[in-house]
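A short write-up of the structure that comes next.
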Amino acid sequence: MPDHKELRMKFDPNTISHLGLQMYSTLPPVLAEMISNAYDADAHNVILSFRDQDSENKEIAIRDDGHGMTFDEINECFLLIGRNRRGKDGSNQKTKSGSRYAIGKKGIGKLAFFGIAKTIEIETVSSGLLNKFVMEWDVLEKSQDVYCPRIIAQDQETSSNSYTQIRLTNLSRKSSFKPDDIATKLAKTFSFFSDDFKVTLKYNDENEIVIDDKLRFENLCELKSWNFPFVDEGVKVNYFNSCKIKGRIIACKNTVPEQMRGVALFSRGKLVNNHSFFDVTATSFGYSYLTGWLDIDFIDEWNPDVISTNRQSLNWEDSRCVELKQYLESVVQCVYKQHKELLEKNKKDDIKEKTGISIDEWANSLPKHERQLAQKLVNAIVSNEGLDVEKAAELTSFVKDSFQYTSFKDLASEISEDAFSSDKMLELMKEWQLIEAREMYKLAQVRIETIQQFKKNVESDAKEVPVMHNFFKQFPWLLDPRIMSFKDEVWYSSLLKDKFPENESLEEDKRIDFLCQNFVNNFFVIELKRPSKVLGKKELEQALGYKTFIQKTLGNENATNVVCYLIGNRISSDAVVQEMANAYRNTGSVIIRTYNELLSEAIKYHQEFIDKYHEMEQSK
């Protein structure tokens with residue numbers, strides 16, 4: 001049997017309360033300390049076990065296959081509060097195997113256990129000897145400056161390989177464990193997970209989760225990323241350690257959870273500064289899409305130390321950290337600028353897909369004196385990061401459609417460059433819609449009078465030539481409210497007359513009538529009949545003949561589309577004629593309209609506009 005020895009922990013009475021219970025009162029930092037210890041022990045595999053089937057007997061255990069501790073190492077290293085494991089000069093940077101840089105430094109991590117548990121059982125094997133002991137908070141709290149943990153096994157020979165297992169019982173936590181949340185939080189605390197250091201979480205011996213770097217950015221949809229070392233002319237600050245910085249900044253397609261916005265800093269694989277934008281004014285909505293991590297291992301070599309005890313932030317008042325922060329600020333600003341430009345390009349592409357409008361092509365096609373105003377308007381839409389594509393497309397269409405009106409351009413010009421924003425765009429849109437509605441209201445009132453005259457012509461069965469011909473020529477919107485004017489095209493008229501010479505045997509009301517106009521790549525052929533004329537087989541064939549002849553004559557020049565309107569009283573009830581008419585409708589060969597349809601649609605279209613204007617006036 002080995003000589004009787006004691007395990008002794010020396011401490012100031014308030015130390016454990018301040019550095020254990022208060023500093024480590026939540027689960028993630030306690031687990032992080034346990035994982036750090038395993039890493040520094042040169043472990044390759046770590047198993048975290050949680051049990052809460054019995055609400056009164058919860059427990060947490062961590063087991064690693066590291067080099068373990070001898071009895072003397074427990075006394076001289078583990079139980080010594082505040083021991084600097086790297087030596088006074090910080091030269092002892094490596095772990096026992098020499099294969100890793102050590103994470104631990106201040107020697108107070110073991111106090112973390114008492115932040116969540118009152119009983120800690122430690123079992124360790126090193127060089128074939130087993131040592132096992134228990135630390136109890138209730139006993140420790142009553143001690144003065146020396147505490148002797150209860151020894152269960154001392155230097156017992158064993159064939160087991162080296163390991164360390166720590167069991168936490170008598171937990172203060174009452175709620176059940178959430179293994180997925182725990183795994184994700186631990187993944188965000190470290191960046192050294194690999195095949196060489198694998199951490200597995202087990203829950204009630206059922207669920208098993210491998211903690212790795214993928215969990216850190218799970219559910220984030222990457223749009224673009226920037227790898228480090230970062231080389232870009234946009235970075236205005238020279239930093240002598242920039243080539244030593246590794247990692248990645250990611251711009252996501254969707255907003256990042258708030259706690260992950262910004263860049264986290266790691267040293268030797270462990271978090272040293274939470275996600276941050278390093279004093280960059282990150283009020284812009286675009287910053288909510290940015291996240292990432294950087295490894296700055298070189299700061300672990302700085303003396304004095306700049307890493308806070310809880311490893312949540314650096315000492316940014318230190319002059320070395322000030323230089324680091326200035327560089328990181330410049331990098332973040334550069335990344336944000338590139339991300340913003342990418343989003344604007346993508347938004348322009350999305351707007352073109354939805355509306356058919358190429359913003360740059362449209363703006364560049366305008367006269368020089370109008371181009372600047374147009375660009376100011378569309379830039380306010382595209383650059384607004386909080387404006388979704390649907391709304392941006394709507395506003396872009398509104399600007400392009402309204403830009404043909406001088407009064408709209410005058411209204412937009414009154415907004416100063418500095419005050420211009422998407423909010424101003426929305427105000428402009430609302431104000432212009434009212435102005436436009438007022439103008440259209442006046443126009444609609446005049447058109448209602450025209451419609452009344454049209455109604456009289458229909459009821460009196462006015463001749464298609466010259467009465468109806470001239471009436472449609474003067475008021476083409478009766479045929480289609482979007483059409484503002486018609487003109488007779490003499491050359492095309494001659495072609496039609498040559499193809500369809502007037503037959504002297506035809507009755508007066510069957511003479512050929514046409515009205516043609518090139519309009520937005522559409523060529524209209526309108527065959528008018530008297531308001532009382534019933535449309536039969538001959539009229540349908542005649543209209544189709546007009547369309548076919550004009551289409552052949554035009555060819556594919558300018559992708560012109562020929563539209564033929566045939567207008568009369570109604571379609572004959574003859575079965576053959578009805579079948580022909582249906583075939584024409586289905587293929588779009590000939591558009592057959594009746595005078596009564598044109599009349600009712602014109603009244604409805606303009607009356608709705610008048611009603612809309614009254615509604616907008618009342619809501620002011």
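Residues: numbered from 1 along the sequence shown.
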Under-4.0 Å salt bridge between [X] and [Y]:
X	Y	answer
D388	K391	no
E341	K337	yes
K214	D212	no
K348	E344	no
E33	K270	yes

* Verdict with reasoning, V335 to L290, per side chain to side chain contact (heavy atoms under 4.5 Å, CB included) -> CA-CA 9 Å; V335 166; L290 298 179; 4.3 Å; yes
Closest approach of [X] and [Y], non-hydrogen atoms and distance?
X	Y	result
A251	H339	CB-CD2, 3.4 Å
D42	S99	OD1-OG, 3.7 Å
A392	K347	CB-CD, 4.0 Å
M135	F114	CB-CZ, 4.0 Å
S162	S126	OG-CA, 3.9 Å
C243	P229	O-CG, 3.5 Å

Does some side-chain heavy atom of [Y] sit less than 4.5 Å from a side-chain heavy atom of [X]?
X	Y	answer
N241	L324	no
T95	Y39	no
I296	K244	no
D52	N204	yes
Y336	V280	no
F278	V263	yes
L271	W293	no
M260	L220	yes

* Asked: Which pairs count as salt bridge (charged side-chain N to carboxylate O under 4.0 Å, His left out) when at least one residue sits in residues 57-69, sequence neighbours excluded?
  ->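 Qualifying pairs: R51-E59, E59-R167.
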Quick check against the 3.5 Å criterion: does [X] have a side-chain atom that pairs as donor or acceptor with the backbone of [Y]?
X	Y	result
S308	S313	yes
R261	V256	yes
H44	D196	yes

Roughly how far apart are [X] [atom1] and [Y] [atom2], rounded to 0.5 Å?
X	Y	atom1	atom2	value
F113	L31	CZ	CG	10.0 Å
E121	I166	CD	CD1	10.5 Å
N131	I74	CG	CD1	4.5 Å
Q165	I62	CD	CD1	10.0 Å
Q372	L366	CD	CG	12.5 Å
N273	L265	CG	CG	5.0 Å

* Asked: What class does the angle between the rings of Y327 and Y239 fall in, given that below 30° is parallel, 30 to 60° is tilted and above 60° is perpendicular?
  -> parallel
* According to the interplanar angle, ranging from 0 to 90°, do the rings of Y287 and F277 count as parallel (below 30°), tilted (30 to 60°) or perpendicular (above 60°)? ->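 Y287 vs F277 ring planes: perpendicular.
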* Tell me, with the steps shown, if F228 and V331 meet side chain to side chain contact (heavy atoms under 4.5 Å, CB included). => CA-CA 10 Å; F228 284 72; V331 168; 3.5 Å; yes
* Would you verify whether the NZ or CZ of R173 falls within 45 degrees of the ring axis of F50 while also being under 6.0 Å from that six-membered ring's centre? =>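 No, R173 does not sit over the ring of F50.
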* To do: Please list all pairs passing the side-chain hydrogen bond (donor to acceptor under 3.5 Å, both in side chains) test where one or both residues lie in residues 224-238, with sequence neighbours left out.
  =>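 Of all non-adjacent pairs touching residues 224-238, those that pass side-chain hydrogen bond (donor to acceptor under 3.5 Å, both in side chains) are E222-S225, W226-Q338, D232-Q338.
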Under 3.5 Å, which donor-acceptor pairs link side chains of residues 179-193 to any protein atom two or more places apart or in another chain?
{"residue": "T184", "atom": "OG1", "partner": "D180", "partner atom": "O", "Å": "3.0"}
{"residue": "T189", "atom": "OG1", "partner": "K185", "partner atom": "O", "Å": "2.8"}
{"residue": "S191", "atom": "OG", "partner": "D295", "partner atom": "OD1", "Å": "3.2"}

* To do: Let me see the working for F177 and L171 under side chain to side chain contact (heavy atoms under 4.5 Å, CB included), right down to the final yes or no.
  => CA-CA 12 Å; F177 297 117; L171 303 183; 3.8 Å; yes
* **D138 atom CG, neighbour heavy-atom count above 12 within 6.0 Å** =>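 Counting neighbours around CG of D138, more than 12 heavy atoms of other residues, nucleotides or ligands fall under 6.0 Å, so yes.
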* Within 6.0 angstrom of Q53 CD, more than 12 heavy atoms from elsewhere -> yes
* **Test side chain to side chain contact (heavy atoms under 4.5 Å, CB included) applied to W362 and V399, step by step** => CA-CA 11 Å; W362 169 68; V399 168; 3.9 Å; yes
* Exercise: do E123 and Y163 side chains pair donor with acceptor under 3.5 Å -> yes
